[in-house]
K.L.:
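To start, I am sharing the structure in question, which I have written as structure tokens.
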Amino acid sequence: MVPLFYLYRCHGACAEVDSDTEAVAGKGFKLGCISCKRRSEVDGAATVEWYFRPKGEADFMRIYTYNEDGPTIEHDHFVDRVDWNGSKRSNDIQDASIYLLNVTFNDSGTYSCFFNRILFYENYEYNTVVTKVVHLTVVAKASRGTASIVSEVMMYVSIIGLQVWLLIEMIYCYRKIAAAGEEALREAANAEYLAIASESKDNCAGVQVGE
């Protein structure tokens, strides 16, 4: 679950959202990596490389690549344990997330995701490299982080706020309907009074004519 207050930047239909950082041993985990183009209308192409530095180690190892030919697992430790979870059916990759299967405690460490992107302008090509870093901790049992608790509290606050708003709307509508009903009754009473007055006037005129 992505915490509610993660910072993100929007670029058209793309939004950069930070990856979760706590995985549970024996379960799957999505390593998020999103890099949105600054100019969404410009065509582009990108290849992706993932690197991993185990906890306590000094060097990174390349574990996964993705390009126009598809995915390649580069390290034996991750064979049959990594699935592509990013952009599909396009070389213009903006989401390079991967899904790690059957997480182990040895998967704790730092993951780096590299976007090697080419933007195709009318008269030239522009090359850029974007790096995203995920510090992953593997635990035996899922723990509820502060952000998760805050998200749940905010959800309940939103629900209560919505119910209060609906109650206010109901009271407002009831009063409006009641006021309209009272106005209709007054208009009906006035109309009846005028009808009686008119009839009395006609009766009086008839009596005078008879005399």
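Note that these values count all heavy atoms, side chains included, but never hydrogens, waters or copies made by symmetry. For this chain, numbers begin at 1 and follow the sequence in order.
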K.L.:
Do Phe52 and Leu31 come within less than 4.5 Å of each other through their side chains, counting heavy atoms only?
P.N.:
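No, every pair of side-chain atoms sits at 4.5 Å or beyond.
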
K.L.:
Restricting to non-hydrogen atoms, name the atom on Val103 and the atom on Asp107 that form the minimum distance, rounded to 0.1 Å.
P.N.:
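Distance-wise, the nearest heavy atoms are CA-OD2, 3.5 Å.
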
K.L.:
In Å, rounded to the nearest 0.5 Å, how long is the span from CD1 of Ile93 to OG1 of Thr47?
P.N.:
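Spacing of CD1 (Ile93) from OG1 (Thr47) equals 7.5 Å.
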
K.L.:
Taking atom OH of Tyr66 and atom OG of Ser87, what is their separation to the nearest 0.5 Å?
P.N.:
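These two atoms lie 8.5 Å from each other.
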
K.L.:
Atom CZ in Phe120, atom CD in Glu125: separation rounded to 0.5 Å?
P.N.:
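Between Phe120 CZ and Glu125 CD, I get 5.0 Å after rounding to 0.5 Å.
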
K.L.:
Can you tell me if Asp80 has over 12 outside heavy atoms packed within less than 6.0 Å of its CG?
P.N.:
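Counting neighbours around CG of Asp80, 12 or fewer heavy atoms of other residues, nucleotides or ligands fall under 6.0 Å, so no.
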
K.L.:
Does Glu41, at its CD atom, have more than 12 non-hydrogen atoms belonging to other residues, nucleotides or ligands within less than 6.0 Å?
P.N.:
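More than 12 within 6.0 Å, yes.
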
K.L.:
Using side chain to side chain contact (heavy atoms under 4.5 Å, CB included), reason through Ile98 and Trp84 one step at a time and then give a plain yes or no.
P.N.:
CA-CA 5 Å; Ile98 57 177; Trp84 178 252; 4.1 Å; yes

K.L.:
Under 3.5 Å, side chain of Thr72 to main-chain N/O of Thr65, donor-acceptor pair present?
P.N.:
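Between the backbone of Thr65 and the side chain of Thr72 there is no qualifying donor-acceptor contact (under 3.5 Å).
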
K.L.:
Given the rule that I, L, V, M, F, W and Y join up when any side-chain heavy atoms are under 4.5 Å apart, are Tyr111 and Val79 in one cluster?
P.N.:
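Yes, Tyr111 and Val79 fall within the same hydrophobic cluster.
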
K.L.:
How about Val139 and Glu22: do any of their side-chain heavy atoms sit closer than 4.5 Å?
P.N.:
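Touching, per the 4.5 Å side-chain cut-off.
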
K.L.:
Identify whether Leu136 and Tyr64 are in the same connected component of the hydrophobic contact network (ILVMFWY, side-chain heavy atoms under 4.5 Å).
P.N.:
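Looking at the clustering, Tyr64 is in the same group as Leu136.
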
K.L.:
Are the side chains of Thr110 and Phe60 in touch, meaning some heavy atoms are under 4.5 Å apart?
P.N.:
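Touching, per the 4.5 Å side-chain cut-off.
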
K.L.:
Can you name the closest pair of heavy atoms from Val134 and Asp20 and give their distance?
P.N.:
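Reported closest heavy-atom pair: CG1-O, 3.8 Å.
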
K.L.:
Any chance you could measure Ile63, atom CD1, to Glu49, atom CD, to the nearest 0.5 Å?
P.N.:
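Ile63 CD1 to Glu49 CD: 11.5 Å, rounded to 0.5 Å.
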
K.L.:
Can you measure from CG (Asp43) to CG (Asn91) and round to the nearest 0.5 angstrom?
P.N.:
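It comes to 11.5 Å.
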
K.L.:
Working note: Ser35 + Arg117, criterion side chain to side chain contact (heavy atoms under 4.5 Å, CB included); need CA distance, chi angles, decisive distance, verdict.
P.N.:
CA-CA 10 Å; Ser35 173; Arg117 176 175 289 140; 3.3 Å; yes

K.L.:
Using every non-hydrogen atom in the two residues, find where Ser112 and Val133 come nearest and quote the distance to one decimal.
P.N.:
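Heavy atoms of Ser112 and Val133 come nearest at OG-CG2, 4.0 Å.
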
K.L.:
Closest approach of Val138 and Ser108, non-hydrogen atoms and distance?
P.N.:
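Residues Val138 and Ser108, closest heavy atoms: N-OG, 3.1 Å.
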
K.L.:
Just wondering, are more than 12 heavy atoms of other shown residues or ligands nearer than 6.0 Å to CG in Asp59?
P.N.:
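It does not: Asp59 CG has 12 such atoms or fewer within range.
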
K.L.:
Establish, yes or no, whether a centroid distance under 6.0 Å links the rings of Tyr126 and Tyr121.
P.N.:
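Distance test on ring centres: not under 6.0 Å, no.
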
K.L.:
Above 12 or not: heavy atoms from other molecules or residues under 6.0 Å from CZ of Phe105?
P.N.:
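Yes.
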
K.L.:
If you group Ile, Leu, Val, Met, Phe, Trp and Tyr by side-chain heavy-atom gaps below 4.5 Å, do Ile160 and Leu166 land in one group?
P.N.:
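Different clusters.
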
K.L.:
Could you tell me if the side chain of Met61 sits less than 4.5 Å from the side chain of His77, heavy atoms only?
P.N.:
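They are not in contact (no side-chain heavy atoms under 4.5 Å apart), so the answer is no.
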
K.L.:
Would you find a donor on one side and an acceptor on the other, under 3.5 Å apart, between the side chain of Glu16 and the backbone of Cys36?
P.N.:
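Side chain of Glu16 to backbone of Cys36: a pair is present.
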
K.L.:
Please check if atom NZ in Lys88 has more than 12 non-hydrogen atoms from other residues, nucleotides or ligands closer than 6.0 Å.
P.N.:
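Yes, NZ of Lys88 has more than 12 neighbouring heavy atoms, counting only those of other groups under 6.0 Å.
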
K.L.:
Any side-chain heavy-atom pair from Phe115 and Val48 closer than 4.5 angstrom?
P.N.:
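SC-SC contact between Phe115 and Val48 confirmed.
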
K.L.:
With rounding to the nearest 0.5 angstrom, report the CG to CG distance, Leu119 to Asp92.
P.N.:
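Between atom CG of Leu119 and atom CG of Asp92 there are 8.0 Å.
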
K.L.:
Hey, are the side chains of His75 and Arg81 touching, using non-hydrogen atoms and a 4.5 Å cut-off?
P.N.:
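Counting from C-beta outward, His75 and Arg81 never come under 4.5 Å.
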
K.L.:
Taking side chain as C-beta onward, heavy atoms only, is Ile159 less than 4.5 Å from Leu162?
P.N.:
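Of all side-chain heavy-atom pairs linking Leu162 with Ile159, none is under 4.5 Å.
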
K.L.:
Report yes if the side chains of Phe78 and Leu100 come closer than 4.5 Å at any heavy-atom pair, otherwise no.
P.N.:
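Yes. Closest side-chain heavy atoms under 4.5 Å.
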
K.L.:
Within the 3.5 Å criterion, strictly below it, is a donor on Asp95 or Ser97 matched to an acceptor on the partner's side chain?
P.N.:
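Yes, side-chain donor-acceptor contact under 3.5 Å.
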
K.L.:
With side chain to side chain contact (heavy atoms under 4.5 Å, CB included) as the criterion, how do Cys33 and Trp50 come out once you've worked through the C-alpha distance, each side chain's angles and the decisive distance to 0.1 Å?
P.N.:
CA-CA 10 Å; Cys33 178; Trp50 275 92; 3.4 Å; yes

